[in-house]
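See below for the structure under consideration.
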Amino acid sequence: MEYRFTNENFDTEVMNSEVPVLIDFYADWCGPCKMMGPVVEELAKEYDGKVKVGKINVDEQPELAQKYGVMSIPYFAFIKNGELVSDEMGAVPKDRLAAKLQEML
């Protein structure tokens, strides 16, 4: 299942999550973000129950993007126990994201 993280649910769904979290910071107008969309969806299905995989629209949630210093999208933040443990920027291969998810498990 793919989550939508917002200012309203961020603390509950991300910071206090009992499982690791992958956040995809994106925008609707971003070409590379659209290219990564299906990859993120696949990871959400493959890691369902083990990792929360979700998206944050930087245009709708600028405070969250600013909190993580997002300067370029797509930007992927890997959160464990409320801490940023790793990140990736740009369109990257699925196996690179999956390897980082495995490291958090």
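Predicted model, so just to flag it, every value in this text is computed and none were measured.
- When the side chains of ILVMFWY residues are joined at heavy-atom separations under 4.5 Å, either directly or via intervening members, V85 and L105 end up in a single hydrophobic cluster.
- The closest side-chain heavy-atom distance from D59 to D28 is not below 4.5 Å.
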Go through the steps to decide whether L22 and F76 satisfy the test side chain to side chain contact (heavy atoms under 4.5 Å, CB included), and finish with yes or no.
-> CA-CA 7 Å; L22 167 60; F76 301 96; 3.9 Å; yes

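- Within the 4.5 Å cutoff, side-chain heavy atoms of E88 are placed close to those of F78.
- Under the 3.5 Å distance criterion, the side-chain polar atoms of N16 are matched with a main-chain donor or acceptor of D11.
- Shown here for N57 and A27, the closest heavy-atom pair between the two residues is OD1-CA, 4.3 Å.
- With hydrogens and angles ignored, the 3.5 Å screen pairs no side-chain donor or acceptor of K52 with any backbone N or O of V19.
- Side-chain atoms of N81 never come within 3.5 Å of backbone atoms of E83 as a donor-acceptor pair (strictly under, hydrogens ignored).
- Between atom CG of residue D87 and atom CZ of residue F25 there is a gap of 10.0 Å, rounded to the nearest 0.5 Å.
- Hydrophobic cluster membership is shared by V21 and V58, with clusters built from Ile, Leu, Val, Met, Phe, Trp and Tyr side chains linked at under 4.5 angstrom.
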In sequence, state the C-alpha distance, the side-chain angles, and the governing distance for K67 and F10, and then conclude on side chain to side chain contact (heavy atoms under 4.5 Å, CB included).
-> CA-CA 12 Å; K67 176 179 178 167; F10 192 78; 3.8 Å; yes

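- For the atom pair OG1 of T6 and CD of E63, the computed distance is 10.5 Å after rounding to the nearest 0.5 Å.
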Do I56 and D24 pass the side chain to side chain contact (heavy atoms under 4.5 Å, CB included) test, and can you show the C-alpha distance, the side-chain angles, and the key distance before you say yes or no?
-> CA-CA 6 Å; I56 293 178; D24 172 14; over 6 Å; no

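- Ionic pairing of E46 and K94 is present here: one or more N-O contacts between side-chain nitrogen and carboxylate oxygen are shorter than 4.0 angstrom.
- Heavy atoms only, all atoms of each residue included: M36 and A91 are closest at SD-CA, 3.7 Å.
- Both V14 and I73 are members of a single hydrophobic cluster when ILVMFWY side chains are connected at heavy-atom separations under 4.5 Å.
- When atom types are taken as modelled, the side chain of N9 and the backbone of R4 share a donor-acceptor pair closer than 3.5 angstrom.
- Following chains of ILVMFWY side-chain contacts shorter than 4.5 Å, one can reach V70 starting from W29, so the two form part of one hydrophobic cluster.
- Contact record, M104 with K80: O-NZ, 2.7 Å, taken as the closest heavy-atom pair.
- Atom OH of Y26 sits about 11.0 Å away from atom NZ of K34, to the nearest 0.5 Å.
- The shortest heavy-atom contact between S86 and K100 is OG-NZ, 2.7 Å.
- Between the CD1 atom in I23 and the OH atom in Y75 there is a gap of 9.0 Å [rounded to 0.5 Å].
- The cluster map of Ile, Leu, Val, Met, Phe, Trp and Tyr, joined by side-chain heavy atoms under 4.5 Å apart, puts M35 and M89 in different clusters.
- The closest side-chain donor-acceptor pair between Y47 and Q102 falls under 3.5 angstrom.
- P32 approaches P74 most closely through the heavy-atom pair CB-CD, 3.7 Å.
- Within the model, atoms CG of L43 and CG of L97 stand 6.0 Å from one another, a figure rounded to the nearest 0.5 Å.
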